[in-house]
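In what follows, chains are A, B, ... by sequence order, proteins preceding strands, each numbered from 1. Just so it is clear, the structure is predicted and the values come from calculations on it, not from any experiment. The basis for the numbers below is simple: all heavy atoms, side chains too, and nothing from hydrogens, waters or symmetry mates.
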Amino acid sequence: MKNDNIYFRLALVSLIMLGACNDEFLERYPLDEVSNETYWNTENDLATYNNTFYHMSQNDVNIPIMLGHHNGFDSQLATYLNVDGFADNLAPNHERHRPFQQVRAGRQIVPTTSSGIGNQWYGYRGWDFVRAINIGLENYPKAAISEEARNKYVGEARLFRGWFYHHIVKMFGDAPWVDRELNIDSEELFAERMPREQVMDNVLEDLNFATTHIPDDWGDGNEPGRLNRWAALLVKSRVCLFEGTWRKYHGGSNPEMWLREAADAAQELIENGPYMLYNTGDPEHDYNAYHRILDVSGNPEVMVWRRYQLGILTNHVQNYYSYSGGATRNFVEDYLCEDGLPITLSPLYQGDDTIEDVFVNRDPRLRQTILHPDDSEYYMYHNADGREYPRIQGMQGGRTSSTGYHVIKHYNALDMIGKAYNTAETPAIILRFAEALLNFAEAKAELGEITQSDLDMSINLLRDRVAMPPLDINPPMDPRYADDGISSLLVEIRRERRIELFGEGFRYDDLRRWKQGKKLENPDMGIQWNAAAEARYENAIIHTSVDPENGKTYIDVYKNTDWADPVFDESKDYLWPIPLNDLAQNPNLGQNPGWEQ
Amino acid sequence: MIGYNQEWGQNKFVRAQNNTLITPLIQDLNATIGLQQTFGGSNHMSLRGAFYRVNYIFDDRYLIESNGRYDGTSRFPAEDRFGFFPSISAGWRISNEDWMSGSSNWLDELKIRASYGTLGNQLLGNNFYPYIPTMGIGQSSFMMTAGQRTPFVSPAGLVSPTLTWETVISQNLGIDFALFGGKLSGAFDVFTRDTKDMLMRREYPSILGTGAPQSNAADLRTYGWEMELTYRNQFTSDLNYDVTLALSDWQSTITRFENPSGALPASNIYYEGQMLNEIWGYETVGIFQTQEAVDNAADQSALGANWRPGDIQYADLNNDGRITPGNNTLENPGDRRVIGNSTPRYSFGVNNNLQWRNFNLNLFFQGVWSRDHWPTSGNWTWFFPFNAGHVERYFIEDSWSEDNRDAYFPHPHISTNDKKNIQTQSRFLQNAGYIRLKNVNLGYNLPYRWMETIGFQSANIYFAGMNLWEYSPIRPPLDPETIWAGAIEYPMQRIYTLGARITF
């Protein structure tokens, strides 16, 4: 009886406590985080939120628009220095550059997912970035600040969104457009892709808002600071030029409008912006000098760059750059001779019987891009090891190349010697003024309204820096390009772009928008391989082929490998395949033409 | 019995960091140069609940017991915060019934048991507020100014507003028996275990742009049985022997999961009716011996480039003339099918004890009858040649060449990035079933009368061995017990011990 009583009392106490149990004792809110409900108040809140976009964009593996050098191990692949490996400028021979080799050879396979650097890097991913932007855009109105102040951040966010969607469209065509925060029950998750032209209309709206609302100068010192209006204009000119030429050559509505937007944006930047080409009057070195230093702050040509500093952010890109193999013969032959004529027309061209001959009487940018044997000491190549260069794959010791053409445009031995793994600080030049000049000239030429003075305010500034003769409005036609169906002037403008922007990640996109994918069916060759070369580069392990045009033998980088005999299927290879997992989860996305299976 | 409990956990940390000491002799934050950084954080959680246990035994024949908990956790929203998790079990000792008295000369005990139980799980690790969206705060390594990290606030993730307890419902039916004066005894159980409202992050189309919220997304049913049999006998006064056999088997299927497009299973993607741990892969025809065979076979270019003699030939299961992974859906898996399942089937253990005079011998065997294993094709792993970063003799001897056409592996491809020949496929699927002698122990107790004379209480000399023998159909160097880590593990060791134990 007594026991029962105790149990009864205990039960009663328990019941009382449980009755009050759903009280604040069980309400536990985060102690060290902020919530969306209370955050958005001041201009500083908006700025701090937008810093997230910069933070995310430094992830070059997932969001390759402001492409720099990814931190650590992944800088072997995810850096703009390597992107030309997709095309005919670089001939990567390291197996870790398989993603480039596959695309280069037209042997890309439909990936299961797009993730990491091994599975469709540069591809269908980065949606967290879009989400972050859209959440910002939905919440900025909550802050009680002036419209003008708010629109700076709206513009910044929309610049990132437009830039990102341009990337998706250029790789995949139609794209899933999202302009709000999605939840797990949003219909967009299972929607079809929006047609390319409609997406690009949205992109243009974003970029127009950005170029009219972002300040010219954020007052943050520009070292490197936030993206300013001039950066937005350069991005806009790039995006519009891509879209205008794509529509012109692949078919699409109103390419002129896009080309006009491209030309106007570039012109505004050129005429009113504070930037100019880096020029100290040293044509033998100015072109590559600022690609080879650790701090580019104050450089008048560098508009957007990413800073690396030990203890905060570092890379290993200089060391990994050997994976990219070397520059191709096709690229090297595109350099003009000193008289402004292509090697096919110029009497100054000395042929390529030795690598030294290749450099004689050529555009000084060649010797600032490709290692001349006599320059090993100047460039401390490789890490001042005292060896003879070039060195060909198979030779023991030093740094070897797949083609014989070592790239030194951004080579910086001082960022390697004595530095441990992932402690290097090579900066990433993300946007530079030279591109605006090239975009302007090309857009004007495509519009068919270019004048000599347009050339003089653009291309010819680049020529002038390296002491090359100016481009004339009526240049002679390089016979190699006579069948391309474009004017000799456009041939020269495109050549200028290829030369000037080598190793900065443009070539693959350029060939695709010009509908010149068939150029990728030419195998990547290296230096001439004659008896002298055989004796000079002892122990090299290479394959060779005879060039039927001149009967001479050259290194054939991919012969007898999985990447021999490159193909480019014009019915499919201009766009990349949507990964299988994305298709499996949302079949409405639809696969790109030719990639269905 | 009834009880009440309440838990409150709080965690707070402050950390300071600087990377550069002025001199290694003085190790203090004060004596550093470079960027000083501080970090901090705190979190808390609470749990409150009541519980009871009641048991009743009538006449040593009928046994009944019930347990229950009523728990609330701060990790779930107020409406879904509490869960009641009762369990009940009952037993009937048949052998104690009067009407069983006729069998008492051979039947020592016979008992049947049944139970039904529920358990709640709210363990979400460090996810303390899974239903409250919060924004991230950080210091980015993206520098806007030299030497300064950039502060940022990042968007809140998605949360599920209806999160609640994951419940495990176990049902069990069993029988215990002992026969012939305890010489033979055993137990047999059949069980099902239903995991309802499994806490997980379902996979959504990537356009969602963030990890899916924790949700109660799946139900899983596990069913199986286990038995244990012991035989023990004393043959003579000097010779004792006993052996215990334990044997069990289980399988699991997904009974609820929303997968409207029928995507093939992947991490956090299932489909209803899926057997857990099933392996999807291609069926291997063999190794191409001639270029002609390559040319006449289905087009394999969707899996890789440059197919030639020595490469793997896959079977064209859907007869479309191409080998592809299809759309990666159940409807169109391309040329893949379920080729195996990595759930272990029929796990067993056998424990033997033999005692003869002062000697005793223990042997313990353990094993699994069958279990499919797909050797990882990742870099720096064992099994597939030239993936490991080193070369073993078998890579060369067992790789295809024109002089070695019956080789197990395709021709050498010295590239850790080329996976075209090592797609998940039937040829290289391994049977990771095994039996292993886990323990041997042979001991000898020195006779007491010897000990007495030298003043010891007892002394025992023994030899013990671990992992002394095994048999498995799996290919070396894989070991059926160490493969599941997916990396090159230190091999299992054989351990021999010789010892003496002396008590004073």
Side-chain angles (χ1 to χ4, degrees), chain A residues 10-11 14 17-18 21-22 25-36 39 48-49 51-52 54-55 58 95-96 98 105 107 109-110 112 125 127-128 130-132 135 176 178 182-184 188-189 220-221 223-226 307 309 311-313 562 580-587 597, chain B residues 2 4 19 34-35 41-46 48 50 70 72 74 78 81 128-129 132-135 137 140-147 149-156 158 204-210 212-213 261 263-264 266 302-306 322 324-329 334 415 417:
Chain A
L10 266 174
S14 301
M17 293 180 84
L18 280 173
C21 60
N22 207 353
F25 177 73
L26 290 178
E27 294 288 332
R28 298 287 163 181
Y29 296 105
L31 299 172
D32 56 1
E33 289 164 306
V34 294
S35 83
N36 204 56
Y39 180 69
T48 307
Y49 182 81
N51 288 348
T52 277
Y54 294 90
H55 175 66
Q58 71 180 336
E95 62 155 80
R96 281 179 172 167
R98 182 184 187 82
R107 298 203 172 84
I109 56 180
V110 183
T112 305
R125 61 173 86 176
W127 305 109
D128 52 336
V130 175
R131 180 173 185 271
I135 288 175
V178 176
L182 300 187
N183 209 321
I184 54 174
E188 285 95 326
L189 294 183
D220 57 6
E223 288 188 358
R226 311 181 84 87
R307 196 186 268 282
Q309 197 171 331
I312 299 180
L313 181 65
D562 287 359
L580 290 175
N581 279 357
D582 291 277
L583 276 181
Q585 292 199 15
N586 176 15
Q597 54 191 21
Chain B
I2 57 174
Y4 169 83
N19 290 336
L35 191 68
S42 52
N43 52 58
H44 57 171
M45 52 78 61
S46 54
R48 176 179 275 177
Y70 182 64
S74 63
R81 180 167 288 161
F128 296 103
Y129 327 100
I132 301 171
T134 55
M135 302 177 82
I137 301 172
S140 176
S141 57
F142 185 97
M143 284 168 274
M144 296 212 182
T145 311
R149 285 171 189 270
T150 305
F152 67 94
V153 167
S154 55
L158 285 175
Y204 287 91
S206 57
I207 190 84
L208 181 64
T210 182
S261 59
L264 284 191
L303 303 183
N306 197 16
R322 300 183 64 212
T324 74
N327 287 346
N328 220 26
T329 56
S415 161
N417 291 340

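Nearest heavy-atom pair, A:Q58 versus B:F142, reported as atom, atom and distance to 0.1 Å: OE1-N, 3.3 Å. Between B:G72 and A:L26, the shortest heavy-atom distance links the atoms O-CD2, 3.8 Å. Closest non-hydrogen pair, B:A302 versus A:Q597, comes out as CB-OE1, 3.5 Å.
For A:E188, the salt bridge (Lys or Arg N to Asp or Glu O under 4.0 Å) partners two or more places apart in sequence, or in a different chain, are A:R180. When the salt bridge (Lys or Arg N to Asp or Glu O under 4.0 Å) test is applied to A:R107, no partner is found at least two apart in sequence or on another chain.
There is no contact between A:V130 and chain B, counting heavy-atom distances below 4.5 Å. Heavy atoms closer than 4.5 Å to chain A are found in the backbone of B:M45, but not in its side chain. Looking at A:D582, only its side chain comes within 4.5 Å of chain B, counting heavy atoms on both sides. Using a 4.5 Å cut-off between heavy atoms, A:I312 touches chain B through backbone and side chain atoms alike. When heavy atoms are compared at a cutoff of 4.5 Å, B:Y129 approaches chain A solely by way of its side chain, counted from C-beta outward. With a threshold of 4.5 angstrom between heavy atoms, B:N327 approaches chain A through its backbone and through its side chain.
The CE atom of B:M144 sits 5.0 Å away from atom OH of A:Y54, with the distance rounded to the nearest 0.5 Å. The distance from the CD1 atom of B:I137 to the CG atom of A:D32 is 7.0 Å, given to the nearest 0.5 Å. The CZ atom of B:R149 sits 10.0 Å away from atom NE2 of A:H55, with the distance rounded to the nearest 0.5 Å. Atom OG of B:S206 and atom CH2 of A:W127 lie 7.0 Å apart (nearest 0.5 Å). Taken to the nearest 0.5 Å, the CG atom of B:L303 stands 6.5 Å off from the CD1 atom of A:I109.
Inter-residue side-chain proximity for A:L189 and B:L208 is flagged as met; some heavy-atom pair is nearer than 4.5 Å. Looking only at side-chain heavy atoms (C-beta outward), B:P155 and A:T52 come within less than 4.5 Å of each other. Within the 4.5 Å cutoff, the side chain of A:R28 has no heavy atoms near those of the B:F128 side chain. Taking 4.5 Å as the limit, some side-chain heavy atom of B:R81 sits within range of a side-chain heavy atom of A:E27. Taking the side chain as every heavy atom from C-beta outward, A:V110 and B:P325 never approach each other to under 4.5 Å.
Chain A forms the most heavy-atom pairs under 4.5 Å with one residue out of B:T329, B:T150, B:I132, and that residue is B:I132. Of all the listed residues (B:T145, B:L264, B:I207), the one sharing the greatest number of non-hydrogen pairs under 4.5 Å with chain A is B:I207. With respect to chain B, the highest number of heavy-atom pairs below 4.5 Å among A:R125, A:R131, A:E33 belongs to A:R131. If you tally non-hydrogen atom pairs under 4.5 Å between each of A:N183, A:L583, A:V178, A:I135 and chain B, the highest count goes to A:N183. Most heavy-atom pairs under 4.5 Å with chain B: of the set A:G311, A:P30, A:A105, this distinction falls to A:P30. With respect to chain A, the highest number of heavy-atom pairs below 4.5 Å among B:A156, B:S141, B:S154, B:A146 belongs to B:S141.
A distance-only check finds a donor-acceptor pair linking the side chain of B:S261 to the backbone of A:A584 [under 3.5 Å]. The closest donor-acceptor contact from the side chain of B:S46 to the backbone of A:F25 lies under 3.5 Å. A donor-acceptor distance shorter than 3.5 angstrom exists from the side chain of B:H44 to the backbone of A:Y29, with no hydrogens or angles considered.
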query = Would A:N581 and B:N328 count as a side-chain hydrogen bond (donor to acceptor under 3.5 Å, both in side chains) if you check the C-alpha gap in whole Å, the side-chain angles of each, and the deciding distance to 0.1 Å?
reply = CA-CA 7 Å; A:N581 279 357; B:N328 220 26; 2.5 Å; yes

